[in-house]
Amino acid sequence: SAKDMKHRLGFLLQKSESCDYSSSQGKKEKISSSQRVSQEEVRKWADSLENLIHHDRGLAAFRAFLKSEYSEENIEFWVSCEDYKKTKSPAKLSPKARKIYDEFISVQATKEVNLDSCTREKTSHNMLEPTLSCFDEAQRKIFTLMEKDSYRRFLKSPYYLDLVSPPGAGCGPENCKRSHTHTLDCNSNVISQCA
């Protein structure tokens, strides 16, 4: 998709850049991996999956990790449900719900998530008259699955450990300058893959 291509191109462009923070505002916007994440914030991600996925950089790191495990459909489904619940127009509910159902829940879904038959059946029934809460149970199940399984592995993976290690540990002194506010000017290459 166009979005995937944009991410890939962004990653290739970032690889050629050093970890230094650019003074130009335009460059800061283009290179989102340069956004600073404080060590304190990164440590909060270990407190709960909610803390992690409600932070843009945390969500990006977790998504990259799930991609490496070929299970990114779980976080994509969760994010789609969050977006769906913000739908203001009743006319858009049904088409949006159908798209999510076809992509993640239907038996022929391209990114089918792992739901028990009871939850799948209930969600299918909810599709008859979609409401803002029609995916709530399925979303809860997938959140719990991620929390008990992939989130625990994520906390032991380089995707997290590289960010929580002592500041500057991932960057050589020739490429990375520390700021006085003790935030990371240079995030690991791992997180930049999906920013």
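Values below: every heavy atom of this structure, side chains too, minus hydrogens, waters and symmetry copies.
In this structure a side-chain-to-backbone donor-acceptor pair under 3.5 Å is missing from Glu147 to Leu49. Under the 3.5 Å distance criterion, the side-chain polar atoms of Asn74 are left unmatched by any main-chain donor or acceptor of Ile142. Side-chain N or O atoms of Gln39 include one that pairs as donor or acceptor with a backbone N or O of Leu163 at under 3.5 Å. Under a 3.5 Å cut-off, the side chain of His125 and the backbone N or O of Glu121 do not form any donor-acceptor pair. Formation of a donor-acceptor pair under 3.5 Å by the Tyr151 side chain with backbone atoms of Ala46 is found in this model. Side-chain N or O atoms of Thr87 include none that pairs as donor or acceptor with a backbone N or O of Ser89 at under 3.5 Å. Not a single donor-acceptor pair under 3.5 Å links the side chain of Ser133 to the backbone N or O of Asp136.
Two residues are said to be in side-chain contact when any heavy atoms from C-beta on lie closer than 4.5 Å; Val113 and Glu76 fail this criterion. No side-chain heavy atom of Trp45 sits less than 4.5 Å from a side-chain heavy atom of Ile53. At least one side-chain heavy atom of Met146 sits under 4.5 Å from a side-chain heavy atom of Trp78. Under the 4.5 Å side-chain criterion, counting only non-hydrogen atoms from C-beta, Arg140 is in contact with Glu137. Between Val79 and Arg63, some side-chain heavy-atom pair lies under the 4.5 Å cut-off. Between Thr131 and Asn126, the closest side-chain pair of non-hydrogen atoms is not below 4.5 Å. Side-chain contact check for Leu59 versus Ile75: some heavy-atom pair is nearer than 4.5 Å. Put simply, the side chain of Phe65 does not reach to within 4.5 Å of the side chain of Pro158, judged on heavy atoms.
Smallest separation of non-hydrogen atoms from Lys156 and Leu161: O-CD1, 3.3 Å. The two residues Lys148 and Arg152 have their closest heavy-atom pair at O-CD, 3.5 Å. Of all non-hydrogen atoms in Ile105 and Ala138, the two that sit nearest each other are CD1-CB, 4.4 Å. Across all non-hydrogen atoms, the minimal contact from Glu69 to Ser150 is OE1-CB, 4.1 Å. Leu155 and Tyr160 get closest at one heavy-atom pair: O-CD2, 3.5 Å.
Distance check, rounded to the nearest 0.5 Å: CG of Asp47 to CG of Leu52 gives 11.0 Å. Considering OH of Tyr101 and OG of Ser124, their distance stands at 2.5 Å, rounded to 0.5 Å. Rounding to the nearest 0.5 Å gives a distance of 8.0 Å between CZ of Arg120 and OG of Ser106. Summarising the geometry, atom CG belonging to Asn51 is positioned 14.0 Å from atom CZ belonging to Arg43; distances are rounded to the nearest 0.5 Å. Here the CD-NZ distance, from Glu72 to Lys111, works out to 7.0 Å after rounding to the nearest 0.5 Å. Here the SG-NZ distance, from Cys81 to Lys86, works out to 12.0 Å after rounding to the nearest 0.5 Å.
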For this session: Determine, step by step, whether Lys44 and Glu50 satisfy the salt bridge (Lys or Arg N to Asp or Glu O under 4.0 Å) criterion, reporting the C-alpha distance in whole Å, the side-chain angles of both residues, the deciding distance to 0.1 Å, and the verdict.
Result: CA-CA 10 Å; Lys44 282 182 190 173; Glu50 271 195 33; over 6 Å; no
For this session: Go through the steps to decide whether Glu103 and Glu73 satisfy the test side chain to side chain contact (heavy atoms under 4.5 Å, CB included), and finish with yes or no.
Result: CA-CA 9 Å; Glu103 191 172 0; Glu73 69 279 353; over 6 Å; no
For this session: Start with the C-alpha distance between Tyr159 and Ser68, add both sets of side-chain angles, then the distance that settles side chain to side chain contact (heavy atoms under 4.5 Å, CB included), and finish with yes or no.
Result: CA-CA 10 Å; Tyr159 291 82; Ser68 76; 3.2 Å; yes
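Within a 6.0 Å sphere centred on NZ of Lys122, other residues, nucleotides and ligands contribute 12 heavy atoms or fewer.
Between Tyr84 and Phe135, the distance from one ring center to the other falls under 6.0 angstrom.
Under 3.5 Å, the side chains of Thr119 and Asp116 contain a donor-acceptor pair of N or O atoms.
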